[in-house]
Amino acid sequence: MSHSDVKDERTANAGDGGGKGFTFPSALTVLAIVTVAVWALAFLIPSGEYRRDADGAPVEGTYHRVDSGQSLVDRFNDLFLAPVNGLYGIQDAKSGQVGPDLSGELYGSAGVFLFVLAIGAFITVVFATGALDRGIERLAHRLRERGPLLIAGIMVVFSVLGTVEGFAEETLGFYGLIVPLMLVLGYDRLVATGAIILGAGVGVLCSTVNPFATGVASSAADISLGDGIVLRFFMWIVLTTVTVLYVIRYARRVRRNPERSLGGFRPGDREHVVTAQEETPPLSRLHQFVLWLVGLIFAFMIFSVVPWSNALTGNADATPYGFELGWSFPQLAALFLCAAVLVGLVARLGEARLSATLVQGAADFISPALVILLARGVTVIMNNARVTDTVLHAIEGVVKGTSSGLFAVIIFVVNLPLAFLIPSTSGHATLAMPILAPLADFAGVSRALVVTAWQAASGWMNLWVPTTAVTIGGVALAKVGYDKYLRFVWPLLALLFVLVCAFVALGAVWT
């Protein structure tokens with residue numbers, strides 16, 4: 001499967017053989033239903049608002065009822081213009097209303113929308129060079145005689161890609177290589193399935209700068225992409241290590257005693273002969289250069305968004321260092337557009353192919369981009385009806401009086417069912433973060449912690465729920481029963497659940 005399979009928009013029966021059972025609706029359909037439902041509920045929810053401080057954060061204890069001032073025509077107009085306002089709605093400074101023809105600050109998600117298209121173009125160009133696919137093939141070949149090291153190598157590579165750019169659906173293209181390779185080494189199909197799904201999945205769960213999770217959520221929470229990166233980095237190291245060791249432990253058990261395989265073996269698996277044992281073409285100098293270039297671009301992205309003074313001193317109010325760039329989505333969109341052209345030129349794709357690949361890459365990512373603006377349109381409806389603060393006030397009553405650590409755990413748990421209902425990480429973040437992020441202000445913790453707890457919930461669910469192609473499509477390609485995969489993965493899921501709760505609780509105390 002090529003990279004044109006869009007990042008987080010694959011749902012329900014992917015890989016189920018085209019069965020005629022219930023098909024979970026796409027993220028676009030879910031958000032369209034949510035838009036109408038929220039619009040209808042806004043007639044029933046009382047309008048209210050908090051007083052804001054100088055930074056725009058709600059002041060605890062100041063909630064009061066107000067009149068929305070909207071007529072029935074105004075409400076229908078908001079529903080009609082929801083996608084437009086979600087893209088480039090402007091918020092009036094005096095009234096707080098959002099509309100496409102008002103004066104004030106941009107409320108819509110145009111910056112994030114363009115960023116998603118830009119990084120889609122970049123990633124598609126990278127895959128068009130063949131460098132990444134060839135690099136992983138070479139890694140598998142060079143480590144083929146050292147099973148545990150091969151498993152660790154594959155999982156770490158996938159985890160790195162997951163944490164920096166949301167590498168998930170792209171892994172579906174590697175089953176044809178990794179499954180037979182694992183069988184030759186004496187493992188079963190679950191080892192290959194776990195190495196692929198869990199390797200990339202734990203990286204996404206602990207996203208450090210993943211634009212489709214951390215980036216979108218940070219934008220919706222009105223914080224920098226680099227805020228909270230220190231906690232997420234240590235969380236990524238620990239959870240990736242635990243996940244790799246879990247898969248290696250199971251692999252060794254199966255190799256010593258094949259009867260203990262949870263997935264069993266299909267006819268021919270034990271006598272499998274694979275061409276992956278044959279010498280694979282070496283990386284050309286061009287492929288090596290492209291891989292180094294891609295690594296440098298992502299490293300520069302991380303450097304450009306990290307608030308280094310805050311990260312190194314632990315002081316949220318520290319004066320920025322002179323070398324800090326403080327980039328956000330407009331600059332990052334420009335960076336990846338330029339980077340896409342640079343990679344294409346270096347790889348000598350040619351003007352016609354490079355242009356076509358850029359357009360195709362942006363087109364492939366239009367689905368998650370549309371999800372973002374639809375979700376933002378929902379928040380516009382709530383904002384204009386003045387019910388956002390009412391919902392926030394209701395949730396405040398639930399978490400009020402809890403410790404900061406317990407608050408962080410509650411945020412993680414609350415987002416688990418939301419992640420199932422809205423499998424799109426981008427849509428989930430854009431929809432939930434405007435309500436959840438201000439709760440951090442009441443609890444006295446960083447909004448970045450809410451982002452971390454949210455993305456951990458989304459990532460944890462996507463390790464096993466059957467509404468994502470990464471899971472259900474992966475087990476289908478590996479020819480492993482979904483029930484067998486669940487039996488294999490549930491102890492790790494329980495362990496990761498505990499570790500995430502511990503990390504977000506400690507993060508709350510630390511901040």
Side-chain angles (χ1 to χ4, degrees), residues 147-156 158-159 162-163 168 171 175 178-179 182-183 185-207 234-265 269 408-409 412-413 415-417 419-420 423 452-453 455-468 470-506:
L149 188 58
L150 173 62
I151 294 171
I154 291 172
M155 294 185 71
V156 169
F158 283 172
S159 183
T163 194
T171 59
Y175 281 86
I178 295 175
V179 170
M182 292 299 172
L183 291 175
L185 296 178
Y187 304 126
D188 66 2
R189 293 172 179 267
L190 273 176
V191 174
T193 307
I196 297 171
I197 295 178
L198 299 178
V202 75
V204 175
L205 187 158
C206 304
S207 295
F234 283 109
M235 185 171 164
W236 173 73
I237 291 176
V238 173
L239 268 64
T240 297
T241 301
V242 168
T243 304
V244 169
L245 292 177
Y246 180 86
V247 175
I248 289 176
R249 177 176 177 270
Y250 172 79
R252 283 175 169 166
R253 186 181 76 185
V254 170
R255 191 169 188 178
R256 286 196 303 265
N257 190 355
E259 288 73 23
R260 299 186 66 185
S261 168
L262 297 177
F265 294 91
D269 279 357
V409 173
F412 169 65
V413 173
N415 275 288
L416 293 175
F420 180 86
T452 300
Q455 70 179 33
S458 178
W460 186 85
M461 290 292 286
N462 285 333
L463 291 176
W464 65 274
V465 294
T467 54
T468 61
V470 178
T471 299
I472 206 68
V475 298
L477 288 170
K479 298 180 180 179
V480 173
Y482 178 62
D483 58 329
K484 295 176 181 177
Y485 172 74
L486 290 181
R487 185 182 173 193
F488 161 71
V489 80
W490 79 260
L492 176 65
L493 291 174
L495 180 57
L496 293 179
F497 184 96
V498 173
L499 289 174
V500 169
C501 290
F503 264 102
V504 295
L506 290 173

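Position 1 is the first residue of the sequence; numbering continues from there.
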Taking all non-hydrogen atoms of both residues into account, name the closest pair between Phe412 and Ala453 and its distance.
CD1-O, 3.6 Å
Would you indicate whether the side-chain heavy atoms of Arg189 and Leu183 approach each other to under 4.5 Å?
yes
Please step through side-chain contact (heavy atoms from CB on, under 4.5 Å) for the pair Phe497 and Val413, ending with a clear verdict.
CA-CA 10 Å; Phe497 184 96; Val413 173; 4.2 Å; yes
Within the side chain of Thr240, is there an N or O that forms a donor-acceptor pair under 3.5 Å with the backbone of Ile237?
no
Close side-chain approach of Val238 and Phe503, heavy atoms under 4.5 Å:
yes
Looking at every heavy atom in both Ala195 and Ile151, which two are closest together, and how far apart are they?
CB-CG2, 4.5 Å
Any non-hydrogen side-chain atom of Val242 less than 4.5 Å from a side-chain atom of Leu492?
yes
Side chains of Ser261 and Tyr250: closer than 4.5 Å at any heavy-atom pair?
yes
If we only count heavy atoms from C-beta on, is the Asn415 to Trp460 side-chain gap below 4.5 Å?
no
Could you give the distance from CG (Leu239) to CG (Leu198), rounded to the nearest 0.5 Å?
11.5 Å
Could you give the distance from OH (Tyr485) to OG1 (Thr471), rounded to the nearest 0.5 Å?
5.0 Å
Between Ala478 and Thr193, which heavy-atom pair has the shortest distance, and what is it?
CB-OG1, 3.2 Å
Sorted by chain and number, sequence neighbours left out, side chain to side chain contact (heavy atoms under 4.5 Å, CB included) with Asn257 holds for Glu259, Arg260
Would Met235 and Val500 satisfy side-chain contact (heavy atoms from CB on, under 4.5 Å), going step by step from the backbone distance to the final call?
CA-CA 8 Å; Met235 185 171 164; Val500 169; 3.8 Å; yes
Whether Asn462 side chain and Val465 backbone form a donor-acceptor pair below 3.5 Å:
no
Taking the side chain as everything from C-beta on, heavy atoms only, tell me whether Leu150 gets closer than 4.5 Å to Tyr187.
no
Go through it in stages, so that I can follow the logic: the residues are Ile154 and Met182, the test is side-chain contact (heavy atoms from CB on, under 4.5 Å), and I'd like the CA-CA distance, side-chain angles, deciding distance and then a yes or no.
CA-CA 11 Å; Ile154 291 172; Met182 292 299 172; 4.0 Å; yes
Value rounded to 0.5 Å, distance of CG in Leu262 from NZ in Lys484:
10.0 Å
Shortest non-hydrogen pair, Val202 vs Trp236, comes out as O-CD1, 4.4 Å
Report the distance from atom OH of Tyr246 to atom CG of Leu496, rounding to the nearest 0.5 Å.
9.5 Å
Contact summary for Ala152 and Ile248, nearest pair of heavy atoms:
CB-CD1, 4.1 Å
What distance separates Thr243 OG1 from Leu463 CG, expressed to the nearest 0.5 Å?
7.5 Å
Arg253 atom CZ, over 12 foreign heavy atoms within 6.0 Å
yes
Would you give the length of the straight line joining atom CH2 of Trp490 to atom CH2 of Trp464, rounded to the nearest 0.5 angstrom?
13.5 Å
Keeping the roles fixed (side chain from Thr163, backbone from Ser159), state whether a donor-acceptor pair exists under 3.5 Å.
no
Closest heavy-atom pair, Val409 versus Ala505, reported as atoms and distance to 0.1 Å, is CG2-CB, 4.2 Å
